[in-house]
Amino acid sequence: MTGFLKSELPIVAAPMAGGPTTVALVGAMQGAGAFPFLAGGYKKAEALAAEIRQVRELSGSGTFGVNLFVPGTDAVDAAAFRAYAAELAPEAAQYGLELDPQPVVDDDDEWPDKLALLLAEPVPVVSLTFGLPDVRDIAALRRVGSRVLATVTTAAEAKIARDAGVDGLVVQAPAAGGHSGTYDPLRTLTSVSAPDLVREVRAAVELPVVVGGGVARAEDVRVLLAAGAEAVAVGTLLLRTDESGASQTHKDALADPAFTETVITHAFTGRPARGLHNGFIDRHESTAPYGYPAPHHLTRPLRQAAAKAGDADRLHLWAGTGFRAAKEGPAAEVIRELARGL
């Protein structure tokens, strides 16, 4: 066992909401000695409960965590939202879709129900993304025996999380794929490297650190551990594996030489996220409104249709800067390759 996560290896399988993280992937990670997270975001509480039961049936006493999205208070500009819906109408028409110009304003991602679930059926670790909940929620999770980790992107956020009473931090560097956990979605994300960010956070607070962002090979893991992290998180590296639930369109794009870089965009969801640079971003980044999750709900039918049609030009292709290292095959082999020499 190693570190405060009590896993065999100092490697964490990051939670990838929206489909990529599956029960099979969690099981493969446990079998390989890594620490896996179930992705609670975008799921109904009942579906999350079912997945937790399945993981426990697969692994018995195997350790794992659950990630939750913290509901925010970001408001979307109604006029800008309607204009964006009109702008996207021709894209949606390609699939016979009509997008709803009325923003969804009451989506809390079933936070109360998911919190109640994890208080009634505690899991070893709960990680939080998109800010912090009420400190009483953090304290309640800790009282039932869960260690609570907060996702942070700066040393200042790390101090806020420490003061809220968390047990540890998930330090997310800008090179990470998918949504940024920044507490301020309007903040311009800096280009700080993952090792430098770990050192900044460790200098600011005395809490255990898991770090992710741009990890592509074993040497990256060694560098991050040397910088002060207790464990290193990987997500993009697992997207093309056998156990990944990512769409085939997404998997194929990660290996397609037509995609040469990743960029940070809010065009798909109204919150900054890193993904492969495609035409949708070129066409709509400058006009897309902030205000997650309303834009997420607006574009979701279009993105789902694009994934089914193999249309990578209109799909959110979340990926970190190390995406070229993502390979097909068993997920356990990815972990074995990362663990060599540790």
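Since we're looking at a predicted model, the values are computed, not measured.
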Quick check: [Y] with [X] (ring centres under 6.0 Å apart)?
{"X": "Tyr292", "Y": "His266", "answer": "no"}
{"X": "Phe35", "Y": "Phe64", "answer": "no"}
{"X": "Tyr183", "Y": "Phe130", "answer": "no"}
{"X": "Trp318", "Y": "His179", "answer": "yes"}

Could you tell me whether a side-chain N or O of [X] sits under 3.5 Å from a main-chain N or O of [Y], the two making a donor and an acceptor?
{"X": "Ser7", "Y": "Ala34", "value": "no"}
{"X": "Lys251", "Y": "Ser247", "value": "no"}
{"X": "Gln172", "Y": "Gly181", "value": "yes"}
{"X": "Asn67", "Y": "Pro15", "value": "no"}
{"X": "Glu110", "Y": "Lys44", "value": "no"}
{"X": "Glu243", "Y": "Ala331", "value": "yes"}

Quiz item: After noting the C-alpha distance and the side-chain angles of Leu118 and Leu68, does the key distance pass the side chain to side chain contact (heavy atoms under 4.5 Å, CB included) rule?
Solution: CA-CA 10 Å; Leu118 295 179; Leu68 297 181; 3.7 Å; yes
Quiz item: Are Leu141 and Leu119 side-chain neighbours, meaning at least one heavy-atom pair lies under 4.5 Å?
Solution: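 In short, these two side chains touch, coming nearer than 4.5 Å.
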Quiz item: Taking side chain as C-beta onward, heavy atoms only, is Lys327 less than 4.5 Å from Val334?
Solution: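 Result no, sub-4.5 Å side-chain heavy-atom pair not found.
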Do other residues, nucleotides or ligands put more than 12 heavy atoms under 6.0 Å from [X] [atom1]?
{"X": "Glu98", "atom1": "CD", "result": "no"}
{"X": "Gln248", "atom1": "CD", "result": "yes"}
{"X": "Arg340", "atom1": "CZ", "result": "yes"}
{"X": "Lys159", "atom1": "NZ", "result": "no"}

Quiz item: When you look at Thr241 and Glu328, which way does the side chain to side chain contact (heavy atoms under 4.5 Å, CB included) test go after all the steps?
Solution: CA-CA 5 Å; Thr241 62; Glu328 295 178 315; over 6 Å; no
Shared hydrophobic cluster, [X] / [Y] (ILVMFWY, side-chain heavy atoms < 4.5 Å):
{"X": "Leu38", "Y": "Leu128", "answer": "yes"}
{"X": "Ile281", "Y": "Leu254", "answer": "no"}
{"X": "Leu48", "Y": "Met29", "answer": "yes"}
{"X": "Val55", "Y": "Val144", "answer": "yes"}
{"X": "Val205", "Y": "Leu197", "answer": "yes"}

Quiz item: Under 3.5 Å, is there a donor-acceptor pair between the Thr154 and Arg187 side chains?
Solution: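 Result is no, nothing qualifies.
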Practice problem: Assess the side chains of Asp282 and His277: does a donor N or O sit below 3.5 Å from an acceptor N or O? | Solution: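 Yes, side-chain donor-acceptor contact under 3.5 Å.
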Reported [atom1]-to-[atom2] distance for the pair [X] and [Y], which is rounded to 0.5 angstrom:
{"X": "Thr249", "Y": "Asp313", "atom1": "OG1", "atom2": "CG", "value": "12.0 Å"}
{"X": "Asp113", "Y": "Asp108", "atom1": "CG", "atom2": "CG", "value": "8.0 Å"}
{"X": "Leu97", "Y": "Arg300", "atom1": "CG", "atom2": "CZ", "value": "13.0 Å"}
{"X": "Glu157", "Y": "Leu169", "atom1": "CD", "atom2": "CG", "value": "10.5 Å"}
{"X": "Glu333", "Y": "Asp242", "atom1": "CD", "atom2": "CG", "value": "11.0 Å"}
{"X": "Gln94", "Y": "Asp311", "atom1": "CD", "atom2": "CG", "value": "8.5 Å"}

Practice problem: Evaluate the side chain to side chain contact (heavy atoms under 4.5 Å, CB included) criterion for residues Arg303 and Phe268: first the C-alpha distance (whole Å), next the side-chain angles of each, then the deciding distance (0.1 Å), finally the verdict. | Solution: CA-CA 9 Å; Arg303 291 181 282 130; Phe268 292 105; 3.6 Å; yes
Practice problem: For Leu224 and Val215, run side chain to side chain contact (heavy atoms under 4.5 Å, CB included): C-alpha distance rounded to whole Å, both residues' side-chain angles, the deciding distance at 0.1 Å, then the answer. | Solution: CA-CA 9 Å; Leu224 290 168; Val215 177; 3.7 Å; yes
Exercise. In sequence, state the C-alpha distance, the side-chain angles, and the governing distance for Glu337 and Arg217, and then conclude on salt bridge (charged side-chain N to carboxylate O under 4.0 Å, His left out).
Key: CA-CA 8 Å; Glu337 182 69 26; Arg217 59 193 187 280; over 6 Å; no
Quiz item: Testing Val66, Val126, Asp109 for side-chain contact (heavy atoms from CB on, under 4.5 Å) with Lys114, which one passes?
Solution: Asp109
Exercise. Report the C-alpha distance between Glu91 and Arg283 in whole Å, list the side-chain angles of each, state the deciding distance to 0.1 Å, and finish with yes or no for salt bridge (charged side-chain N to carboxylate O under 4.0 Å, His left out).
Key: CA-CA 10 Å; Glu91 304 261 11; Arg283 292 189 293 274; 2.6 Å; yes
Practice problem: Specify the closest pair of heavy atoms between Ala319 and Phe323, including all atoms of both residues, with the distance to one decimal. | Solution: CB-CB, 3.9 Å
Exercise. Decide, yes or no, whether a salt bridge links Glu51 with Lys43 under the criterion of side-chain N to carboxylate O below 4.0 Å.
Key: yes
